[in-house]
Chemist: 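Structure below; questions to follow.
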2 protein chains.
Amino acid sequence: MVEEQDEKILAELQKDGRATNQQLADTVGMSTSACWRRVRALEESGIISGYSALVARERAGFATSAILHVSLERHDVKFVDEFVARVMQRREVLECFATTGDADYHLRVVVRDMDAYNKFLDEFMFRIPGIRHVRTNVILKEIKTGVALPF
Amino acid sequence: MVEEQDEKILAELQKDGRATNQQLADTVGMSTSACWRRVRALEESGIISGYSALVARERAGFATSAILHVSLERHDVKFVDEFVARVMQRREVLECFATTGDADYHLRVVVRDMDAYNKFLDEFMFRIPGIRHVRTNVILKEIKTGVALPF
DNA sequence: TCCATTTTGGTAGATTTTACCAAAATTTCC
DNA sequence: GGAAATTTTGGTAAAATCTACCAAAATGGA
């Protein structure tokens, strides 16, 4: 499904999402037209789901971030769906994963400052119905924030 | 430092990292040349740290991922630096954060299958010197994996 | 208000994207 | 094994985009 040449393309486009088709074709070892067609196929099949500029969080004015461990009171679809729906539309929540372990969900939240985080908890998180427990782990340091899959 | 117009540009480039300069200029409401110069400045100042293709994890063959809570035995710079250095060069570790709370670090690890994850633990994680405890939280479902800061 | 600095919009040549073609490679089926 | 059908390839050219320049407009200090 995803062949070796595709993986090379994906690896390169993960490293530089704005690489020109010529650069790509060179590093992958293919003609520009063949390369371009493969990229197009990867986009249309959804294997490449999009492209994004990576913005330096602190420099852009987002000083505070945290990882939240969230547990629900009950796990009826009703509560779960409501939780998921609300989380999806809050842009401060960059990531949300349902996990095994003590907590039901792991969230990563990014905000401008602690005030904004406090507001986020009071006005959003604590008002979601069916929340049993929320534990905040403030991020002291971002060691690594990668998006590239390890082809 | 980062003005309103810059934020519009950043927001748009986060949504579509390959938007053409004309699209950008239109949505931001600016001439193409002014827009292009601002983008260039954002890149050169490091506020835009790069561009990346976003690849659909499962479709690309990475079925397994987990969030790890890692605690160190000792917190001398020696052990900390060693831990950070090793984590930085393992491409399966997409993210690593030093946090408050029970664990010292939160890691997100992505691999092709459980076998690969087991190998990752045995051959890498458990061999890092000074590790006190590693707790694995398998990711059951990715609710959200965003990269866009909430401008 | 005036001058210096910064930012803007317009323009044009260089580069890139994109759609097409026929040739090469691969697969399928007998 | 070999011929036909299918897929993939490389090359080409027109359309679109990028990029560097210019003079004009906007900004802001004295």
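Basis for what follows: all heavy atoms, side chains included, without hydrogens, waters or symmetry-related copies. Below, chains carry the letters A, B, ... as their sequence lines are ordered, and counting in each starts from 1. Quick caveat, the model's predicted, so the values are computed rather than measured.
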Chemist: Rounded to whole angstroms, how far apart are CE on B/M30 and P on C/dG9?
Modeler: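 Atom CE in B/M30 sits about 8 Å away from atom P in C/dG9.
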
Chemist: For the ring pair A/F62 and B/F151, is the centre-to-centre distance below 6.0 Å?
Modeler: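 Yes, close enough.
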
Chemist: Using distance alone, with no hydrogens and no angle criterion, decide if B/Q14 and A/Y51 have a side-chain donor and acceptor under 3.5 Å apart.
Modeler: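 Not at all, the side chains of B/Q14 and A/Y51 share no donor-acceptor pair under 3.5 Å.
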
Chemist: Please state whether the phosphate of D/dT9, meaning OP1 or OP2, lies under 4.0 angstrom from any side-chain nitrogen or oxygen of A/Q5.
Modeler: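 Answer is yes, contact under 4.0 Å.
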
Chemist: What is the distance, rounded to the nearest whole Å, between atom OH of A/Y51 and atom P of C/dT17?
Modeler: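 After rounding, the reported distance stands at 10 Å.
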
Chemist: Under a 3.5 Å threshold, yes or no: a donor from one side chain and an acceptor from the other, between A/D104 and A/H75?
Modeler: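 A pair is found: one side chain offers a donor N or O, the other an acceptor, under 3.5 Å apart.
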
Chemist: Can you tell me the distance, in whole Å, between the CG atom of B/L24 and the P atom of C/dT8?
Modeler: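 Rounding to the nearest Å, CG of B/L24 and P of C/dT8 are 14 Å apart.
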
Chemist: Could you state the CG-C1' distance from A/N21 to C/dA19, rounded to the nearest angstrom?
Modeler: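 These atoms are roughly 13 Å apart.
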
Chemist: Taking OP1 and OP2 of D/dT9, is either one under 4.0 Å from a side-chain nitrogen or oxygen of A/R38?
Modeler: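 Checking D/dT9 against A/R38, a side-chain N or O does come within under 4.0 Å of OP1 or OP2.
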
Chemist: I want to verify a distance call: between D/dA20, C/dG9, C/dA19, whose nearest atom is closest to the B/R37 side chain?
Modeler: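 The answer is C/dG9, which lies nearest to the side chain.
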
Chemist: Would B/R86 and B/F124 count as a cation-pi pair here, with the cationic atom under 6.0 angstrom from the ring centre and within 45° of the axis?
Modeler: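 Output no; distance or angle outside limits.
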
Chemist: Think B/W36 has a side-chain N or O under 4.0 angstrom from the OP1 or OP2 of D/dT19?
Modeler: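 The answer is yes; a side-chain N or O of B/W36 sits under 4.0 Å from OP1 or OP2.
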
Chemist: Do the side chain of A/S31 and the base of D/dG11 come within less than 3.5 angstrom through a donor-acceptor pair of N or O atoms?
Modeler: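 Per atom types, no contact qualifies.
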
Chemist: From C-beta outward on B/Q22, which listed nucleotide comes closest to its side chain: C/dT17, C/dT16, D/dT17?
Modeler: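 Closest nucleotide among those given: D/dT17.
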
Chemist: Which whole-number value in Å describes the distance from A/Q23 CD to C/dT17 C1'?
Modeler: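 Whole-Å distance recorded here is 14 Å.
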
Chemist: Quick check: on DNA chain D, is the nucleotide nearest B/R18 upstream (toward 5') of the one nearest A/E3, or the reverse? Name the residue that is more 5'.
Modeler: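 Comparing both residues, the 5'-ward one is A/E3.
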
Chemist: Which one, D/dA20, D/dG10, C/dA19, comes nearest to the side chain of A/S33?
Modeler: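 The answer is D/dG10, which lies nearest to the side chain.
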
